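Some notes on the structure that comes next.
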Amino acid sequence: MKKWITSNYHYMVPECDTKELLQADFSPYMADVKRGIAALGKECATPVVVGPVTIAYLTQFESFSKGYHNEQRKNLLAKLLPLYQQLLKDVAATGVTEIQVHEAALVFEDADILPLFQTTYPAILPTQGPAINIVSFMEDVGQSHYEWLTSVKEFDVISMDFTRGDSLSLIKANGFPKDKTLGCGVVDARSVWSIDPTKVKPILDAVLPIAGGNLRIQPSASLQFTPWDLSCEKEILAHPAGAVLAFATQKLKEVSVVAKACSNPDVLDSYSTAWTKYRAVASAPNSAVGQRIKSLASKDFERSEKFEARRPKQLKGVPLLPTTTIGSFPQTKEVRSLRTQKKKGLLSQKEYEAAIDQQIALAIGIQTGLGLDIRIFLFNKFSGMLFTTNGWVQSFGSRCVRPPIFWADIHRPTAMTVREFKVAQDLTDKPVKGMLTGPVTILNWSFPRQDISRKEQAYQIGLAIQDEIADLEAAGCQVIQVDEPALREAMPLREQKKQEYLDWAVDSFRLATAKAKSETQIHTHMCYCEFQDCMEAIDKLDTDCNSIENARNDNRTLMAFKDIGYTKDLGPGTYDIHSPVVPPIDFIVGKLNSFLECMEPESLVVNPDCGLKTRTWPETIGALQNMVEATKKVRKERHIG
C-alpha cells in the first residue's frame, strides 16, 4: 500500500506482469452505475472512472530503471486502451449525461506523462453521448498539462483544484476556452474548515470574467477525505471553533452558497462574521508556546554530540542484531471495549488506568516470553486539539480513523506517556521503548489550522514532544521512537516547493529530539512511501536508528540508504505485517543475511516492517517468535556477538 497523492488515504499499488494477457470484468461496476441511475435518474447519476494513465503511471513493474519503467507503462497503457474504450462505450449507453474521468496523474511533474495522455485522449472517449468531465485534484496541473487539457475538444468540463497548487495563475495566464465548462474546486475537500470569504472571493472575482457562464462550483476533490456530518458533534458545535467547521454534508451546502455568491456576494457575510469571531479566540496565542518558538536558535535543533560519539553510550548490554517491534500490538475487542466504556462514563479514570495496565502487562509478558530485546508500549495526548465523536475518515477499505482538529496553539499540559512507561518498565529488566508520533506525521494526519503556517504548527508539536522526551528520560527510558511515516507523504509535488518543506519538516523533528541525552537512543519509523527522492533529508533527521518498511520491495529502500552513505542504525522490515501469513524462520534468515550483505551487524536492528495493530495475537506471536529464532540462528551462523 501507498498513500494516495498527498493524502493519508492508502491505496493498493497495482502490480503488473507485462507478459500476461490483460482482461477486465466491469460487470460489478456497471451494476453500480445502473443502481445509481435507478436511484437518482440519468440526469443526476454521474459515473466516475479512474483514468487509464493514472493506473499505468502508478503501477509497479518488474524493473524500476527509469527508462525501462516508462516503456512498461506504454505497453500496459496499450493494453488498457481497448478495455477503457469498451467501458466508456457501455457507460455512455446507459444514457447518463456526464462521465467523470479522474486522472490524478495530471498533477504529477514528470515530462514522460504528457505523451501518455496524448496517446489516450481522445482515443478512448465515446464519439457521441454524455459530456466528459476530466478531473484533477490535490495540486494544479502545471503549464504543459493545462495547455493540452484545454486543446482537447472532446473534453466538455475541466475540473481543477483551487485550494491547493496555483490553478488560478494558470487560468489568469492562459485564459479558458469558451466552449468548455470550468469545474472550480473552491470548496476544500481535504479540510474540515468552512469556506473562508477572504480566500473564496478573490478566486471568484478572478475566474468569473474568464469563465463567465461556463463556471461550475464544486468541491476540490472527493469528499471521502472529510468526516460525514458535523451535526453529530454536539460538543464541537458548542466549541468556539464549531461555527467555522464543515464536514462533507455541510460542504455540499457550501457548494450551493458559493454558487449563489457568484451573483450575490452578500450570502458569504455570515461566514465572514463566524471567522472573525473564531480568529479572535484562536489568534490569542499561548504565551509560553509563542515565546519558546520566538526564542529558538540554531543550537535548539542540534543533538549535543554527533552520532559517532553518542552511539557507544547507548543501550549497553543489548546484543548485536537487537530484536524489537515497530509500534502497535493487536487492537483487540477488549481494548476497544475499555475505550468505549470510559467514553460512556462506565469506567472511572482510575478503573480505566487499572484495566489498561493489565493490557500493558499482557503485552510486556508476551514480549518477555518471545525474548524480544527491546519492548514497547503506546499512548499519546495533546492540548490545542479537538477530537470528534463520530468524525470517521476512510483510511483504507473499511478501516477508518478520526483525525484530530487543530484549533489553537498545540502544547502539552501534562506528561502524556510517562505513567504508562513506568508501568511497563517495572515489569521487565529489558529496555522498554517509549513510543511517540513525530510532528510532521501528527500534522499531516490531523486537520491543521488555516490561520497559521504548517511550519509553525509543526514546531509547536516538536516542542511538546521535546518536553515528553525529557520526562521519559527522567523516568529512566533509554530508547524512544518518534515515528515520522508522513515525512515523504506530505512533501509537495512541485520541485520548487520541496526543499522549503523538507527544511522545516526536518527541523521540526530535530527540535523534538535535539535535547535528548547522548545516552538515549532515538528511533524513527517510516512506511507506505518511496523515499528515494528525500534520502538526504532523512539522513539530516539525525536519528540514531531508522526502522523502515522494506519487506515487499526487494531491499530497494535499504539500498537507497546505502547509496547515500547512511551510517546510522537501520531496522529494515523483515516481514510484511499486512499479511496474515506467519513467515517461516528460513524466510527471515534469508532476509537478515541479505541485509548483512550491505551493512554491518553493529548497525542492524531486527523488526517487522510496521506496527502490528491489524494482526491477531496468534499471528503476531507466531511471526515474532520466528523472527527471534531467525535472529538467533543468524547470530550463531555468523558468529555475531
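Quick caveat: nothing in here was measured; it's all calculated off a predicted structure. Note: hydrogens, waters and symmetry copies are ignored here, and every other heavy atom, side chains too, is used.
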> Under 3.5 Å, is there a donor-acceptor pair between the Glu456 and Ser453 side chains?
Replying inline: no

> Do Asp229 and Pro227 touch side chain to side chain, with heavy atoms closer than 4.5 Å?
Replying inline: no

> Are the side chain of Glu468 and the backbone N or O of Ala415 linked by a donor-acceptor pair below 3.5 Å?
Replying inline: no

>> Given Glu484, which partner from the list Thr543, Thr524, Thr441 fulfils the side-chain hydrogen bond (donor to acceptor under 3.5 Å, both in side chains) test?
In response: Thr441

> Any luck finding a side-chain donor-acceptor pair between Gln359 and Asp357 under 3.5 Å?
Replying inline: no

> Is it true that Phe447 and Phe406 have ring centroids separated by less than 6.0 Å?
Replying inline: no

> Where do Thr616 and Thr620 land on the side-chain contact (heavy atoms from CB on, under 4.5 Å) test, with the steps shown first?
Replying inline: CA-CA 6 Å; Thr616 65; Thr620 296; 5.9 Å; no

> Would you say Lys498 and Leu493 make side-chain contact, with heavy atoms under 4.5 Å?
Replying inline: no

>> Would you say Thr323 and Asp373 are linked by a side-chain donor-acceptor pair, where the criterion is simply a distance under 3.5 Å?
In response: yes

> Does any N or O in the side chain of Asp609 come within less than 3.5 Å of the main-chain N or O of Ile577, such that one atom is a donor and the other an acceptor?
Replying inline: yes

> Roughly how far, to the nearest 0.5 Å, is the CE atom of Met138 from the CZ atom of Phe108?
Replying inline: 9.5 Å

> More than 12 foreign heavy atoms under 6.0 Å from CD of Glu235: is that the case here?
Replying inline: no

> Hey, what do you get for CG (Leu347) to CD (Glu353), rounding to the nearest 0.5 Å?
Replying inline: 11.5 Å

> Above 12 or not: heavy atoms from other molecules or residues under 6.0 Å from CZ of Arg399?
Replying inline: no

> For the residue pair Trp407 and Ala241, what are the closest heavy atoms and their distance?
Replying inline: CB-CB, 4.1 Å

> Checking side chain to side chain donor-acceptor pair (under 3.5 Å) for the pair Thr557/Glu549: CA distance, chi angles, key distance, verdict?
Replying inline: CA-CA 8 Å; Thr557 304; Glu549 181 188 20; over 6 Å; no

> Would a distance-only check, ignoring hydrogens and angles, find a side-chain to backbone donor-acceptor pair under 3.5 Å from His411 to Pro413?
Replying inline: no

>> Which residue is it: Ile410, Asp409, Ile405? I am looking for the one with a side-chain contact (heavy atoms from CB on, under 4.5 Å) to Arg449.
In response: Asp409

> Between Thr6, Asn8, Thr226, which is the residue that forms a side-chain hydrogen bond (donor to acceptor under 3.5 Å, both in side chains) with Arg190?
Replying inline: Thr6

> Is the Phe247-Trp228 ring centre distance short of 6.0 angstrom?
Replying inline: no

> Taking 4.0 angstrom as the limit, do Lys3 and Glu489 come out as a salt bridge?
Replying inline: yes

>> Taking the side chain as everything from C-beta on, heavy atoms only, tell me whether Leu223 gets closer than 4.5 Å to Leu252.
In response: yes

>> If we ignore hydrogens and angles and just use 3.5 Å, is the side chain of Ser220 paired with the main-chain N or O of Ala189 as donor and acceptor?
In response: yes

>> Just verifying a value: how many Å separate Leu472 CG and Ile465 CD1, rounded to the nearest 0.5 Å?
In response: 11.5 Å

> Got a donor-acceptor contact below 3.5 angstrom from the Gln250 side chain to the Lys253 backbone?
Replying inline: no

>> For the residue pair Ser337 / Gln341, report whether a side-chain donor-acceptor contact shorter than 3.5 Å exists.
In response: yes

>> Nearest 0.5 Å, please: how far is CG in Leu106 from CE in Met160?
In response: 9.5 Å

> Do the non-hydrogen side-chain atoms of Glu109 and Arg494 ever get within less than 4.5 Å of each other?
Replying inline: yes

> Rounded to the nearest 0.5 Å, how far does NE2 of His102 lie from CG of Asn133?
Replying inline: 7.0 Å

> Less than 4.5 Å apart, any side-chain heavy atom of Val107 and any of Asp140?
Replying inline: no

>> Is a donor from one side chain sitting under 3.5 angstrom from an acceptor on the other, for Thr59 and Glu15?
In response: no

> Charged N to carboxylate O below 4.0 Å: is that the case for Asp188 and Arg164?
Replying inline: yes

> Is the centre of the Tyr459 ring less than 6.0 Å from the centre of the Trp504 ring?
Replying inline: no

> How far apart are the C-alpha atoms of Ile452 and Gln460, what are their side-chain angles, what is the distance that settles it, and do they pass the side-chain contact (heavy atoms from CB on, under 4.5 Å) test?
Replying inline: CA-CA 11 Å; Ile452 64 173; Gln460 290 177 0; 3.9 Å; yes

>> Walk me through whether Met627 and Leu370 qualify under side-chain contact (heavy atoms from CB on, under 4.5 Å).
In response: CA-CA 9 Å; Met627 187 185 79; Leu370 291 169; over 6 Å; no

> So, Lys251 side chain and Ser191 main chain: donor-acceptor pair closer than 3.5 Å or not?
Replying inline: yes

> Between Lys591 and Ser594, what is the shortest heavy-atom contact and its length?
Replying inline: O-OG, 2.6 Å

> Taking the side chain from Gln100 and the backbone from Thr46, do they hold a donor-acceptor pair closer than 3.5 Å?
Replying inline: no

Side-chain polar contacts of residues 387-396 - donor-acceptor pairs under 3.5 angstrom, sequence neighbours left out - could you list them?
from	atom 1	to	atom 2	distance (Å)
Thr388	OG1	Gly391	N	3.0
Gln394	NE2	Gly397	O	2.8
Ser395	OG	His10	ND1	3.1

>> Is there a side-chain contact between Leu237 and Leu230 in this structure, where contact means two heavy atoms from C-beta onward sitting under 4.5 Å apart?
In response: yes

>> Keeping Thr163 on the side-chain end and Val186 on the backbone end, is there a donor-acceptor pair under 3.5 Å?
In response: no

> Between the side chains of Asn626 and Tyr575, is a donor N or O closer than 3.5 angstrom to an acceptor N or O?
Replying inline: no

>> As a test of understanding, state which of Leu487, Ile538, Val482 forms a side-chain contact (heavy atoms from CB on, under 4.5 Å) with Phe509.
In response: Val482

> Tell me, do Phe61 and Leu76 make a side-chain contact under 4.5 Å, heavy atoms counted?
Replying inline: yes

> Distance from Ser508 atom OG to Ile442 atom CD1, nearest 0.5 Å?
Replying inline: 10.0 Å

> Does one side chain, of Gln331 or Arg339, offer a donor that lies under 3.5 Å from an acceptor on the other?
Replying inline: yes

>> Does any part of the side chain of Glu254, heavy atoms only, come nearer than 4.5 Å to the side chain of Ser194, both counted from C-beta?
In response: yes

> What are the two closest heavy atoms between Ala537 and Leu502, and how far apart are they?
Replying inline: CB-CD2, 3.9 Å

> Side chain of His525, backbone of Ser547: donor and acceptor closer than 3.5 Å?
Replying inline: yes

> Which pair of heavy atoms, one from Leu443 and one from Ala458, lies closest together, and at what distance?
Replying inline: CD2-CB, 4.3 Å

>> Walk me through whether Leu362 and Phe329 qualify under side-chain contact (heavy atoms from CB on, under 4.5 Å).
In response: CA-CA 11 Å; Leu362 172 65; Phe329 277 123; over 6 Å; no

>> Tell me the closest heavy-atom pair linking Ala355 and Leu338, and the distance in Å.
In response: CB-CD2, 3.4 Å

> If every non-hydrogen atom of Ala424 is compared with every non-hydrogen atom of Ile360, which pair is closest and at what distance?
Replying inline: CB-CG2, 3.7 Å

> Just by modelled atom types, is the Gly622 backbone N or O under 3.5 Å from a matching donor or acceptor in the Gln625 side chain?
Replying inline: no

